[in-house]
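Reviewing the structure listed below.
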Amino acid sequence: MKIKYIIAILAVFTVVGCTENFDELEKDPVALSANPAGQLTFTQLCMSGDGYYQHRTNLIYAGGFVQHYSGSWGVTNYGGKFNNSEEYAVALWRNVYAHEMKSVVDILDVTGKDPLAVNMNAVAKIMRVMIAQRLTDIYGDVPYSEAGLAFSKGIVTPKYDKQEDIYASFFKELDEAFNQLNTGKDLIKGDLFYKGDVSKWKKLANTMRLRAAMRISEVNPAEAEKQVKAALQNGVFESNDDNCIMHHLDFPFSDDPARLDYRGNGLSYGFIGNDQGDHFSSLLIDYLKNNGDPRLTMIATPKTSSSVVPWAPIQPGETLYEGVKPGVFRWELPGGSNSASGIQPYLKLRTTPFLHVSYSETELLLAEAAFRGWVSGSAADYYKKGVEAGIKQLEIYGAAPASQASIDAYVNAKPLLPGTEKEQIGTQIWITYLFNSIEGYSNWRRTGYPHLIPITNSDSGTGGVVPTRLYYPSDELQKNEKNYQEAVARLGGKNDWLGKVWWDVN
């Protein structure tokens, strides 16, 4: 049944040829047969167009855990008060293995046998790392080396690889991909990220290597330093023009195999479904407001009613920008939803782009590496470039550009200061990945920054303790019992969301 489901999905979104065929999806998303180009397109669409886990894992849980958002029922009850819903906790696992991992493993299988498909094979390796890193960072030990091989090799109960081993595979595969990519070889077809630009894919391979290296900085600093140096030597992102972005179309999300559609932004599925429900947290709004950050007005709208006098117009001298305190529902605000700032409309469209990997993150991670003494250059200079890039990247969403004068004034007034380097860098990465909360959540667990607002609600499912992973699906106990039990044993015997993944040693 599962194989038939996968085939049905691929049949819907398979396209033949280069990236320009994305336009054809707007006219008719149904294609003829599965092939590497179509599977690459489908995989890239899934990564941000899948409203099922973008809503549950990215917005509700990750966005609530790291206090990007607050106010709606879902984000506040589950992500803000840490109450468990297995449907939400396993959403990423369910759809990534069923859709993305299977597709990319198929690409690797087909292109690995074809000496004329070295670039497509290299891209598939990078894609597999991007997909699997999100999985392992959320769950810990997961099927990787044997994942997606049910059809080709009959492996229906894949082992759960240790996260340490998965990361070792990441570094190996990214290095292989970088060295394979060659402008004189085959065209990269079906590529919605970079339209087949080999040079961009080489930078992405190295930038993902940098990200993975810094993820293990606390648990294995020697290996992290080695991998950071290799990534930088090979060439990482150099500007916002290198950003890995998915541009979406105006189509509603559906994961019904009969009318599958991932062409729209999956995160917007959550925003649209919770109209007037989702708000930025007070932690985020207050940070931007108190520091004079130009991003405040680029992401948030002014409130329209008073939070000082309930249900009254805004009072003289009252601040126009306020977030919702984590753990608080929007209807509990003194003046209701309108007494908190809204989210800019262009951030909630099905056509809103999705940022997977950014130049801003690159420079901020290099700032941390320089602070640690792993790379040459000034940590302060890397930091300044990372913050500036983080402001300018908001333009991709439709925000009016901040003036260079305002950007310069901000970065000059808020330089990297001795003694607070890790906190400042970690906080800026948290802001940079405001709409990619899965990534923000992973970096927060690694660094502990920013300092979150304590959750003191009596109805918190964990007594106010922020979960540090998500649960494995309970039905794995029936489907893959032996491997599941071994993985749970490595967690201390409990499939617990207060357990920690390998690299999380804070």
Side-chain angles (χ1 to χ4, degrees), residues 13 15 18-23 25-26 40-51 53-54 58-59 68 100 104 123 126-127 129-131 133-134 188-208 210-211 235-251 253 262-269 271 295 298-299 344 346-365 385-386 388-402 429 431-440 443:
F13 270 109
V15 294
C18 298
T19 311
E20 295 82 82
N21 285 310
F22 186 42
D23 296 334
L25 291 173
E26 189 169 2
L40 176 59
T41 298
F42 175 71
T43 302
Q44 292 176 343
L45 285 169
C46 285
M47 290 178 68
S48 53
D50 189 331
Y53 71 69
Q54 281 293 329
N58 191 26
L59 175 59
H68 279 151
E100 299 163 33
V104 81
V123 164
I126 299 168
M127 291 292 300
V129 171
M130 293 179 71
I131 292 164
Q133 187 177 28
R134 289 199 297 188
I188 301 170
K189 298 181 178 180
D191 173 23
L192 304 181
F193 288 169
Y194 291 122
K195 299 183 179 179
D197 189 327
V198 170
S199 66
K200 298 290 189 185
W201 277 101
K202 289 175 82 74
K203 289 181 183 179
L204 179 60
N206 299 322
T207 303
M208 285 299 302
L210 171 65
R211 174 189 282 182
V236 295
F237 285 179
E238 298 176 285
S239 74
N240 278 343
D241 289 340
D242 294 325
N243 286 348
C244 181
I245 302 168
M246 180 67 206
H247 293 279
H248 285 282
L249 296 177
D250 189 12
F251 285 86
F253 164 71
Y262 291 167
R263 290 173 290 176
N265 184 315
L267 180 60
S268 73
Y269 169 72
F271 288 148
R295 285 171 285 198
M298 299 173 80
I299 66 166
Q344 286 284 6
Y346 46 73
L347 299 172
K348 301 188 290 183
L349 302 175
R350 291 190 289 243
T351 55
T352 299
F354 190 92
L355 180 60
H356 287 290
V357 190
S358 73
Y359 169 61
S360 174
E361 178 198 12
T362 303
E363 291 295 314
L364 291 168
L365 291 179
K385 291 178 182 177
E388 179 173 354
I391 297 170
K392 290 183 175 180
Q393 75 187 18
L394 291 176
E395 296 173 25
I396 69 169
Y397 303 114
I429 292 176
I431 299 171
T432 278
Y433 282 123
L434 172 59
F435 306 108
N436 188 347
S437 295
I438 291 174
E439 187 56 34
N443 200 64

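Given the structure is predicted, the values throughout are model-derived calculations rather than measurements.
The two residues F271 and L59 have their closest heavy-atom pair at CE2-CD1, 3.9 Å. Taking each heavy atom of S268 and K348 in turn, the nearest pair found is CB-O, 3.6 Å. Between L349 and N265, the shortest heavy-atom distance links the atoms O-CB, 3.8 Å.
Between the side chains of T351 and H248, no donor-acceptor pair of N or O atoms lies under 3.5 Å. Looking at D50 and Q54, their side chains never bring a donor and an acceptor atom within 3.5 Å of each other. Neither side chain, E238 nor Y359, offers a donor N or O lying under 3.5 Å from an acceptor on the other.
Note on ring orientation: taking the six-membered ring where Trp is involved, the planes of W201 and Y194 are perpendicular (angle over 60°, cut-offs 30° and 60°).
No donor-acceptor pair closer than 3.5 Å links the side chain of S437 to the backbone N or O of G440. N206 contributes a side-chain N or O that, together with a main-chain N or O of G235, makes up a donor-acceptor pair within less than 3.5 Å. Looking only at distances, a side-chain donor or acceptor of T362 sits under 3.5 Å from a matching main-chain atom of S358. One N or O on the side chain of R134 and one on the backbone of M47 form a donor-acceptor pair closer than 3.5 Å. The closest donor-acceptor contact from the side chain of N243 to the backbone of I245 lies at 3.5 Å or more, if one exists at all.
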Quick one: do K200 and K195 satisfy side-chain contact (heavy atoms from CB on, under 4.5 Å)? Show the steps, please.
CA-CA 9 Å; K200 298 290 189 185; K195 299 183 179 179; over 6 Å; no
Quick one, I299 with L434, criterion side-chain contact (heavy atoms from CB on, under 4.5 Å). Give me CA distance, side-chain angles, the key distance, then yes/no.
CA-CA 10 Å; I299 66 166; L434 172 59; 3.6 Å; yes
Any chance you could lay out the side-chain contact (heavy atoms from CB on, under 4.5 Å) test for T43 and I131, step after step, and finish with the verdict?
CA-CA 9 Å; T43 302; I131 292 164; 3.5 Å; yes
Show your working on side-chain contact (heavy atoms from CB on, under 4.5 Å) between F237 and V357 and close with a plain yes or no.
CA-CA 9 Å; F237 285 179; V357 190; 3.8 Å; yes
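The side-chain heavy atoms of H356 and E439, taken from C-beta on, include no pair separated by under 4.5 Å. At least one side-chain heavy atom of M208 sits less than 4.5 Å from a side-chain heavy atom of M130. In this structure, the side chains of M246 and L192 come closer than 4.5 Å at one or more pairs of heavy atoms. Side chains of K385 and L364 form no contact here, defined as non-hydrogen atoms less than 4.5 Å apart. The side-chain heavy atoms of Y433 and I438, taken from C-beta on, include no pair separated by under 4.5 Å. Contact of the D242 side chain with the V236 side chain is not registered, since no non-hydrogen atoms from C-beta on lie closer than 4.5 Å. I431 has its side chain out of reach of I429: every pair of non-hydrogen atoms, C-beta onward, lies at least 4.5 Å apart. Between Y346 and T352 the shortest side-chain heavy-atom distance does not fall below 4.5 Å.
Rounded to the nearest 0.5 Å, atoms CG (L45) and CZ (F251) are 11.5 Å apart. Here CG of D197 is found 11.5 Å from CG of L204. Values are rounded to the nearest 0.5 Å.
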Identify all side-chain donor-acceptor contacts of residues 390-400 below 3.5 Å with residues at least two apart in sequence or on another chain.
residue : atom : partner : partner atom : Å
K392    : NZ   : E388    : OE2          : 2.9
K392    : NZ   : Q404    : OE1          : 3.0
Q393    : NE2  : T432    : O            : 3.1

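The ring of F253 has its center closer than 6.0 angstrom to the ring center of Y269. Under the 6.0 Å cut-off for aromatic ring centres, F354 and F435 do not qualify, their centroids lying 6.0 Å or more apart.
For Y53, there are no ring pair (Phe, Tyr, Trp, His ring centres under 6.0 Å) partners two or more places apart in sequence or in a different chain.
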